[in-house]
Amino acid sequence: MKVLKFGGTSVGSIENIKNVKNIINDGEKKVVVLSAMSGTTNTLVSIAKHIEQDQPNEALDVINKLHSNYFNVVDGLLTNESLNKKAKDYVSAVFNLLVECTDKTFSKVIENTILAQGELLSTFMFNCFLEQEGVSSTLLPALDFMRIDKSKDPDITYIKSKIASVLDAGPDADIYITQGFICLDNEGNISNLQRGGSDYSATIIGAVLKVDEVQIWTDIDGMHNNDPRYVENTRPISNLSFDEAAELAYFGAKILHPQTVTPVREDNIPVRLKNTMNPEAHGTLISSDTTENGIKAIAAKDNITAIKIKSGRMLQAHGFLKRVFEIFEVYETSIDMITTSEVAVSLTIDDDKNLDKIVSELEKFASIEVDKDQSIICLVGHSVVKHEDTYKMFQILQDVKIRMISYGGSNNNISLLVNSKDKITTLTKLNDYLFELVTL
Ligand code: ADP
Ligand code: ASP
Ligand code: MG
């Protein structure tokens with residue numbers, strides 16, 4: 001058994017949905033995880049924002065426009081009259097629910113209910129389409145088995161037992177279709193795995209079902225060696241280890257949700273990244289294989305805040321760092337990078353929800369400087385720290401101001417902190433120095 005996940009672009013047009021059908025229709029048993037059609041979740045976010053800001057008319061305008069877009073998709077996809085009607089009834093029920101939400105007092109549950117509709121729509125329509133094309137499939141509602149616990153981690157024990165009973169209760173099918181992204185929280189309310197979370201849904205399902213492989217089908221031919229949104233001439237990487245992929249996903253490679261690799265690495269379940277628009281391309285295979293050394297890829301993570309904590313005597317005053325870390329723990333804020341000197345420690349966070357409170361606690365025993373709008377540039381590769389070509393990255397010091405460097409924390413990752421306005425220059429120059437082999 002395999003899990004195949006198709007992202008927003010892959011189900012974002014009639015033509016691509018047809019490609020997806022051709023890819024999955026090979027007679028093998030599989031779970032197919034679908035995202036919402038591209039753009040839908042962003043639109044749902046804007047509907048929720050209008051409701052939160054008490055702008056019901058603006059929300060209704062957006063809802064009506066999206067409703068008619070979905071009717072067009074149904075018409076383009078479903079020529080069979082009864083399936084066309086069945087899908088339109090479902091679409092209308094979804095949009096009636098959205099309209100009802102505009103009358104309600106805004107809450108997290110309302111927001112999450114709105115955000116969940118994109119995946120519910122895409123899976124329902126796709127299942128109807130498969131029926132029309134004579135491909136037998138069964139819809140597995142993700143909300144019947146996918147749940148997160150209090151700390152927002154997947155509740156694996158619950159998911160395992162529920163998915164087994166859902167599969168046992170349903171007809172024995174070759175193709176199961178389910179929603180990515182959406183889940184229940186520990187209180188049974190509708191929730192989600194954060195933006196881009198369908199990748200994570202796929203590997204969670206892959207891990208609990210102990211499948212042979214998880215495939216993530218998207219709009220590019222695998223993980224590239226740099227961010228193709230900002231840098232020209234990037235290349236796909238054919239193999240990555242779980243560690244390398246985890247670092248790249250966590251440090252901003254948008255192709256993967258930050259937690260994608262976590263559920264599958266322990267059981268050594270390979271993850272293959274493939275291009276729906278070019279299925280022949282090799283893509284990227286993520287596995288436990290770590291044969292090649294050296295820098296494989298560069299990624300960037302934005303919206304980072306750097307905090308410098310200065311104190312008269314720091315390192316010799318033992319217990320200082322403990323005091324610092326305890327504050328971050330109390331405010332449940334994780335630290336990404338850290339560097340120290342005798343008189344100061346600099347660290348970075350990406351969740352600045354509790355920044356003011358953290359700073360006022362720290363100010364009780366240190367002077368604090370905060371720099372917002374920073375980006376972490378992360379260079380990833382097995383044993384990158386020891387590789388003979390790695391020194392070339394330091395050429396970047398002549399091009400941009402580096403705020404922090406973290407080298408040696410792990411063998412597979414070197415991180416630089418730069419002002420976000422210098423991100424593209426940094427990514428481009430590093431590309432030249434490290435991959436284009438500019439003569440120095
Ligand atoms: P999906 O909707 O299929 O989940 P995403 O938009 O989430 O697709 O991820 C694919 C996109 O990730 C690509 O189109 C590309 O622009 C972006 N991306 C960012 N960094 C990388 C990278 N290192 N390699 C490949 N794609 C990347
Ligand atoms: N539809 C969700 C999002 O846009 C989840 C996903 O696409 O993975 O974030
Ligand atoms: Mg994605």
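Bear in mind that the values here come from a model prediction, so they are computed numbers and not experimental data. Note that ligands are numbered from 1 as they come in the structure, with each ligand's atoms numbered from 1 the same way.
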Novice: For atom 1 (N) of ligand 2, tell me which residue out of H257, E119, Q179 has the closest non-hydrogen atom.
Specialist: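 It is E119 whose heavy atom sits nearest to atom 1 (N) of ligand 2.
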Novice: To which protein heavy atom is atom 3 (C) of ligand 2 closest, and what is the distance rounded to 0.1 Å?
Specialist: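 I find the closest protein heavy atom is R195 NE, 3.3 Å.
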Novice: Report, in ascending order of atom number, the atoms of ligand 2 lying under 4.0 Å from any heavy atom of T41.
Specialist: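 Those qualifying, in numeric order: 1 (N), 2 (C), 3 (C), 4 (O).
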Novice: Where on S198 is there a heavy atom closer than 4.0 Å to ligand 2, on the side chain, on the backbone, on both, or on neither?
Specialist: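 It is both backbone and side chain that touch ligand 2.
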Novice: In chain order, what residues pass the salt bridge (charged side-chain N to carboxylate O under 4.0 Å, His left out) check against D155, with sequence neighbours excluded?
Specialist: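 D155 satisfies salt bridge (charged side-chain N to carboxylate O under 4.0 Å, His left out) with R147 only.
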Novice: Could you identify the single nearest non-hydrogen protein atom to atom 7 (O) of ligand 2 and state the distance to 0.1 Å?
Specialist: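 Nearest protein contact, heavy atoms only, for atom 7 (O) of ligand 2 is S35 OG, 3.3 Å.
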Novice: Taking ring-ring contact (aromatic ring centres under 6.0 Å, His included) as the test, write out the residues that go with H67, two or more places apart.
Specialist: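 Per chain and number, H67 pairs via ring-ring contact (aromatic ring centres under 6.0 Å, His included) with F71, F95.
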Novice: Does D227 pair with K254 as a salt bridge, N-O distance under 4.0 Å?
Specialist: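 Salt bridge flag = no for K254 with D227.
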Novice: Within a strict 4.5 Å, meaning less than it, do heavy atoms of the I110 and T113 side chains meet?
Specialist: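 A side-chain contact is absent here, since even the closest heavy-atom pair is not under 4.5 Å.
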Novice: Roughly how far, to the nearest 0.5 Å, is CG of L44 from CG of L98?
Specialist: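 The CG atom of L98 sits 6.5 Å away from the CG atom of L44.
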Novice: Does a side-chain heavy-atom distance below 4.5 Å link I304 with S375?
Specialist: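 Of all side-chain heavy-atom pairs linking S375 with I304, none is under 4.5 Å.
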Novice: Looking only at distances, please establish whether an N/O atom of ligand 2 is found under 3.5 Å from an N/O atom of G196.
Specialist: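 Such a contact does occur with ligand 2.
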Novice: Is the shortest side-chain N to carboxylate O distance from E111 to K108 below 4.0 Å?
Specialist: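 A salt bridge links E111 with K108.
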Novice: For Q194, is the nearest heavy atom under 4.0 Å from an atom of ligand 2?
Specialist: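 The answer is no, since Q194 has no heavy atom less than 4.0 Å from ligand 2.
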Novice: When you check the gap from the basic side-chain N to the acidic O, do K210 and D267 get nearer than 4.0 Å?
Specialist: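 Salt bridge between K210 and D267, a charged N being under 4.0 Å from a carboxylate O: yes.
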Novice: Would G7 count as a contact of ligand 2 if the rule is a heavy atom under 4.0 Å away?
Specialist: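 The answer is no, since G7 has no heavy atom less than 4.0 Å from ligand 2.
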Novice: Can you sort out the partners of K386 under salt bridge (charged side-chain N to carboxylate O under 4.0 Å, His left out), two or more places apart, ordered by chain and number?
Specialist: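 For K386, no residue satisfies salt bridge (charged side-chain N to carboxylate O under 4.0 Å, His left out) once neighbours in sequence are set aside.
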Novice: Would you tabulate the polar-atom pairs, meaning N/O of ligand 1 against N/O of the protein, with distances under 3.5 Å, reported to 0.1 Å?
Specialist:
residue	atom	partner	partner atom	Å
ligand 1	2 (O)	G8	N	3.0
ligand 1	3 (O)	T218	OG1	2.7
ligand 1	4 (O)	K5	NZ	3.0
ligand 1	6 (O)	K254	NZ	2.6
ligand 1	8 (O)	T218	OG1	3.1
ligand 1	12 (O)	I255	N	3.4
ligand 1	14 (O)	D219	OD1	2.8
ligand 1	14 (O)	D219	OD2	3.4
ligand 1	23 (N)	H224	O	3.2
ligand 1	24 (N)	H224	N	2.8

Novice: Between H224 and N226, is there a donor-acceptor pair closer than 3.5 Å when you use the side chain of the first and the backbone of the second?
Specialist: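 No, the answer is negative, given that no donor and acceptor are paired below the 3.5 Å cut-off.
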Novice: Judged by non-hydrogen atoms, does G180 sit under 4.0 Å from ligand 2?
Specialist: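 The answer is no, since G180 has no heavy atom less than 4.0 Å from ligand 2.
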